[in-house]
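These notes are about the structure you will find just below.
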Amino acid sequence: MSEKIPEKEPVVKKNFIHQIVEEELNAGKNDGRVHTRFPPEPNGYLHIGHAKSICLNFGTAQKYNGLTNLRFDDTNPSKEETEYVDSIKEDVHWLGFDWGDREFFASDYFDKLYEFATKLIKEGKAYVDDQDAETISSQKGTPTRPGLESPHRQRSVEENLDLFVRMRDGEFSDGEKVLRAKIDMASPNMHMRDPILYRIMKTPHHRTGDKWCIYPMYDFAHGQCDYWEGITHSICTLEFEVHRPLYNWFIDQLKTDEYRPRQIEFARLNLTYTVMSKRKLLELVKDKHVSGWDDPRMPTVSGLRRRGYTPESIRNFAERIGVTKVDGMIDVALLEHSVREDLNKKAQRVMGVLNPLKVVITNYPEGQVEEMDAINNPENPEAGKRKVPFTREIYIEREDFMEEPPRKFFRLGPGREVRLRYAYFVTCTDVVKDEQGEIVELHCTYDPASRGGNSPDGRKVKGTLHWVSATENVEAEVRLYDRLFLDEDPNGHKDRDFKEFMNPNSLTVLDKCYIEPFVKDSKALDSFQFERLGYFNVDSDSKADKLVFNRTAQLRDNWAKKQGK
RNA sequence: UGACCCAUGGUGUAAUUGGCAACACGUCUGAUUUUGGUUCAGAAGAGUCCAGGUUCGAGCCCUGGUGGGUCAACCA
């Protein structure tokens, strides 16, 4: 007989970073310690690409009993704001991760960084340069040609020290001087050509106020913060690969024993039909192409949340796409599959009609209201049942009726019989039109013996329609979303702006939709499956007297798929 | 005329570290179904960028190509 089949756990696949970690653990490195960090710059909202990084950083630490710090990379006060800090914290928590009391800011280290810079000056490894940005840039050379040394490169330690103090004390104006590392202007790696360490910026900082008027550059801050926090694995995206020698150079100047953080790079997430850079997302927000960072069409964490995505679905997605160094492009269909999969298990079923067509059941008693039994979630028996009111006048979906139904159309047509879910079999007897020939109403008769949806004589019907009572219902606004861009890779066109590929129909607002009374008291973020239509959640614009729903995702629809061809 | 990185079905990842290429999404059949959902059964689709080499044996190792990406912000 059977050996015990191992429980199917939510396996975390072993990616190349996990392999590195395991090799190091086996070699006894860092005393078996694993400590990662998630280091966002608070200059925008987090997007699904950050979510991948969050899952990687927190997930890796969890897997190896380690810790993860949240550290805001706030070295550029001209772009960073507290609003972003707050949203980032909310998003990381919502995704299901916790950094305990290890919430840090690069700005926490401004004093230590300043000291470290002073040390480098004293060791003759840094100097103050008086040249302007353009000159420094032109002396930098090109990737294929070495750079030129600055005329100030050989200043004495004393002069450098004096100048640096005066930079800090505000004696010079923005851009007048910089502190540079003295490394190698001929290095094949551009980042090693005397990189800038500090620049003058008389801009108040969101945390340090006007204490500083010089601010460290990213390269001069990141690795050192990692070092001071005891980070073992500094995981970042591929574009920082060429920065690694410089990262290591600073650590070399800092380290006092064997410990050193290791920078490992992985490929950032690209998704089809969207853009994934904070700069471009900010542009969409500023130019009002979307309603804000949390517009449900945005690939931001807050947008996905508002759209109805669950943290679980995003974590599963992150797990499924894996972690590699291949710069690829993930099909959004995979993201959509991840929500459907999660919501299918969890979402309360409900009937809602988006595009109403009135149906009068002519042989049904006027004024009668019957409470029909409906299953809350067929995937979860514990979710129980509810009552749905049935009346003589109801609404059905316009697309569920065709006057001249094609082959394989299982729904309603003249003379046809269908099932109204959880209610009765009805047969269409009349089609009522207005002067324009537009169908305004259907007349049907019902079979009282088919109460609940089955006929005692064993009669079968091909179609089952959802419906909502025309008198016992909740009226709602429903927002349907489509991809923001029509092109798979709006970024991938040279000489064309990504905004040229925007989908003009990415948002459709349906004003008069009818939902069964069950949803009446629902709150923002509550998710439902509107049967046969898709997953919908309550939008934050929703009011008690005017519910607003977002369509999170459509249900798979083989019929629609065949029609499309 | 540089440095660094990458290359496996349509897409994304695997392959016990050298042993007859697996999984997920997507696509297509069929079954079940009071959601044209879910579930279930099945199919098609790559011979691993190319050329050499090492080896009994290479997607994994070596060499050389090719293609793609990143780097020349006082951004991160």
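Order of the sequence lines sets the chain letters (A, B, ...), proteins ahead of strands, with each chain counted from 1.
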TODO: Report yes if a side-chain nitrogen or oxygen of A:Arg199 is closer than 4.0 Å to either non-bridging phosphate oxygen (OP1 or OP2) of B:rC75; otherwise report no.
DONE: yes

Under 3.5 Å between N/O atoms: give me all the protein pairs with nucleotides 12-15 of chain B, atom names plus distance.
residue : atom : partner  : partner atom : Å
B:rG12  : OP1  : A:Met329 : N            : 3.3
B:rG12  : O2'  : A:Ile321 : O            : 2.9
B:rU13  : OP1  : A:Thr324 : OG1          : 2.8
B:rU13  : O2'  : A:Lys13  : NZ           : 3.2

Task: Residue-level proximity of residues 382-390 of chain A to RNA chain B when a heavy atom falls under 4.0 Å - done: none

TODO: Quick one: label A:Asp219 by what it contacts on the DNA or RNA (base, sugar-phosphate, nothing), any heavy atom closer than 4.0 Å.
DONE: nothing

Open item on the list: If I pick the P atom on B:rG59 and the same atom on B:rG68, what distance separates them, to the nearest angstrom?
Closed with: 26 Å

Open item on the list: Is it the case that the ring center of A:Phe485 lies less than 6.0 angstrom away from the ring center of A:Tyr273?
Closed with: no

Open item on the list: I'd like to know if the side chain of A:Thr274 reaches the main chain of A:Leu271, judged simply by a donor and an acceptor atom lying under 3.5 Å from each other, with no hydrogens or angles considered.
Closed with: no

Open item on the list: I'd like to know if the side chain of A:Asn15 reaches the main chain of A:Gly322, judged simply by a donor and an acceptor atom lying under 3.5 Å from each other, with no hydrogens or angles considered.
Closed with: no

Restricting both atoms to N or O, compile the protein contacts to nucleotides 35-41 of chain B shorter than 3.5 Å, with distance only.
residue : atom : partner  : partner atom : Å
B:rU35  : O4'  : A:Glu531 : OE1          : 3.4
B:rU35  : N1   : A:Glu531 : OE1          : 3.4
B:rU35  : O2   : A:Gln529 : OE1          : 3.0
B:rU35  : O2   : A:Arg532 : N            : 2.8
B:rU35  : N3   : A:Gln529 : OE1          : 2.5
B:rU35  : O4   : A:Arg349 : NE           : 2.7
B:rU35  : O4   : A:Arg349 : NH2          : 3.1
B:rG36  : OP1  : A:Arg532 : NE           : 3.4
B:rG36  : OP1  : A:Arg532 : NH1          : 2.6
B:rG36  : O2'  : A:Asp557 : OD1          : 3.1
B:rG36  : O2'  : A:Asn558 : N            : 3.4
B:rG36  : N7   : A:Arg411 : NH1          : 2.4
B:rG36  : O6   : A:Phe410 : N            : 2.9
B:rG36  : N1   : A:Lys408 : O            : 2.8
B:rG36  : N2   : A:Lys408 : O            : 3.4
B:rG37  : OP1  : A:Asn558 : ND2          : 2.5
B:rG37  : N2   : A:Glu379 : OE2          : 2.8
B:rU38  : OP1  : A:Arg556 : NH1          : 3.3
B:rU38  : O2'  : A:Asn344 : ND2          : 3.2
B:rU38  : O2'  : A:Glu379 : OE1          : 3.1
B:rU38  : O2'  : A:Glu379 : OE2          : 3.2

Task: Side-chain touch A:Gln139/A:Gln131, heavy atoms, less than 4.5 angstrom - done: yes

Task: Interatomic distance at P, B:rG10 relative to B:rC6, whole Å - done: 23 Å

Could you go over nucleotides 45-50 of chain B and give all protein N or O partners under 3.5 Å, atom names and distances?
none

- [ ] Assign the ring pair A:Tyr446 / A:Tyr424 to parallel, tilted or perpendicular, where the plane angle (0 to 90°) is split at 30° and 60°.
- [x] perpendicular

TODO: Taking the six-membered ring for Trp and the single ring otherwise, decide whether the centroids of A:Tyr109 and A:Phe116 are under 6.0 Å apart.
DONE: no

Task: Whichever of A:Asn43 and A:Gly141 has its nearest RNA chain B nucleotide further upstream toward 5' - done: A:Gly141

Open item on the list: So, under a plain 3.5 Å distance rule, would you say the side chain of A:His243 forms a donor-acceptor pair with the base of B:rA76?
Closed with: yes

Open item on the list: Show, in sequence, the C-alpha distance, side-chain angles and deciding distance for A:Arg551 and A:Asp482, and conclude whether the salt bridge (Lys or Arg N to Asp or Glu O under 4.0 Å) test is met.
Closed with: CA-CA 9 Å; A:Arg551 183 172 67 196; A:Asp482 197 357; over 6 Å; no

- [ ] Give the nucleotide from the list B:rC74, B:rC75, B:rC28 with an atom nearest to the side chain of A:Lys561.
- [x] B:rC28

- [ ] Would you please name every residue forming a side-chain contact (heavy atoms from CB on, under 4.5 Å) with A:Asp108, sequence neighbours left out?
- [x] A:Phe104, A:Phe105, A:Arg207

- [ ] Identify, with sequence neighbours excluded, every residue that meets side chain to side chain donor-acceptor pair (under 3.5 Å) alongside A:Asn26.
- [x] none

Open item on the list: Could you tell me how far B:rU70 sits from B:rG64 if I compare only their P atoms? Round to whole Å.
Closed with: 25 Å

- [ ] Tell me what A:Asp132 touches on the nucleic acid: a base, only sugar-phosphate, or nothing, going by heavy atoms under 4.0 Å.
- [x] base

Task: Syn/anti state of B:rG47 by chi, 90° boundary around 0 - done: syn

Task: Listed nucleotide nearest any side-chain atom of A:Ile196, set B:rG2, B:rC74, B:rC25 - done: B:rC74

Task: Whole-Å P distance, B:rU17 and B:rC28 - done: 39 Å

Open item on the list: With a 4.0 Å cutoff (strictly under), does any side-chain N or O of A:His337 reach OP1 or OP2 of B:rC25?
Closed with: yes

- [ ] Enumerate the residue pairs fulfilling salt bridge (charged side-chain N to carboxylate O under 4.0 Å, His left out) with a member in residues 182-199 of chain A, sequence neighbours excluded, ordered by first and then second residue.
- [x] A:Arg153-A:Asp194

- [ ] Select one nucleotide: of B:rC5, B:rC74, B:rA76, the one nearest the side-chain heavy atoms of A:Asn76.
- [x] B:rA76

- [ ] Considering only atom P, compute the distance from B:rG36 to B:rG19 and round it to an integer number of Å.
- [x] 49 Å

Task: Contacts of A:Asp487 that satisfy salt bridge (Lys or Arg N to Asp or Glu O under 4.0 Å) - sequence neighbours left out - done: none

Task: A:Tyr114 and A:Tyr198 aromatic ring geometry - parallel, tilted or perpendicular at 30°/60° bounds - done: perpendicular

Open item on the list: A:Arg386: which residues meet the salt bridge (Lys or Arg N to Asp or Glu O under 4.0 Å) condition with it, sequence neighbours left out?
Closed with: A:Glu516

TODO: Could you check whether A:Phe240 gets within reach of a base, just the sugar-phosphate, or nothing at all, counting any heavy atom under 4.0 Å?
DONE: base

- [ ] Tell me whether the OP1 or OP2 atom of B:rA73 has a side-chain N or O from A:Ser137 closer than 4.0 Å.
- [x] yes

Open item on the list: Does A:Gln131 reach a base, just sugar-phosphate, or nothing at all? Heavy atoms under 4.0 Å.
Closed with: base

Task: Between B:rC61 and B:rA46 - P atom distance, rounded Å - done: 25 Å

TODO: Step through the shown structure and confirm whether more than 12 heavy atoms of other residues, nucleotides or ligands are within 6.0 Å of NZ on A:Lys462.
DONE: no

- [ ] Would you classify A:Ser187 as touching base, sugar-phosphate or nothing, given that sugar-phosphate means primed atoms plus P, OP1 and OP2, and contacts are heavy atoms under 4.0 Å?
- [x] nothing

Task: Chi angles and distances behind the side-chain hydrogen bond (donor to acceptor under 3.5 Å, both in side chains) call for A:Glu176, A:Ser173 - done: CA-CA 6 Å; A:Glu176 208 179 320; A:Ser173 52; 2.9 Å; yes

- [ ] With P as the reference atom in both, quote the distance from B:rU27 to B:rU33 in angstrom, rounded to an integer.
- [x] 24 Å

- [ ] Identify, with sequence neighbours excluded, every residue that meets side chain to side chain donor-acceptor pair (under 3.5 Å) alongside A:Lys387.
- [x] A:Asp373

- [ ] Pull up the glycosidic torsion of B:rU8 and say syn or anti, syn being anything within 90° of 0.
- [x] anti

- [ ] Determine, using ring centers only, whether A:Tyr215 and A:Phe110 are less than 6.0 Å apart.
- [x] yes

Task: Runs of at least three Watson-Crick or G-U pairs with RNA chain B, cut-off 3.5 Å - done: B:2-7 with B:66-71, B:10-13 with B:22-25, B:27-31 with B:39-43, B:49-53 with B:61-65

Open item on the list: Can you list everything that forms a side chain to side chain donor-acceptor pair (under 3.5 Å) with A:Asp226? Sequence neighbours excluded, please.
Closed with: A:Arg71, A:Ser234, A:Tyr247

- [ ] Determine the interatomic distance between P on B:rG65 and the same-named atom on B:rA3; round to the nearest Å.
- [x] 12 Å

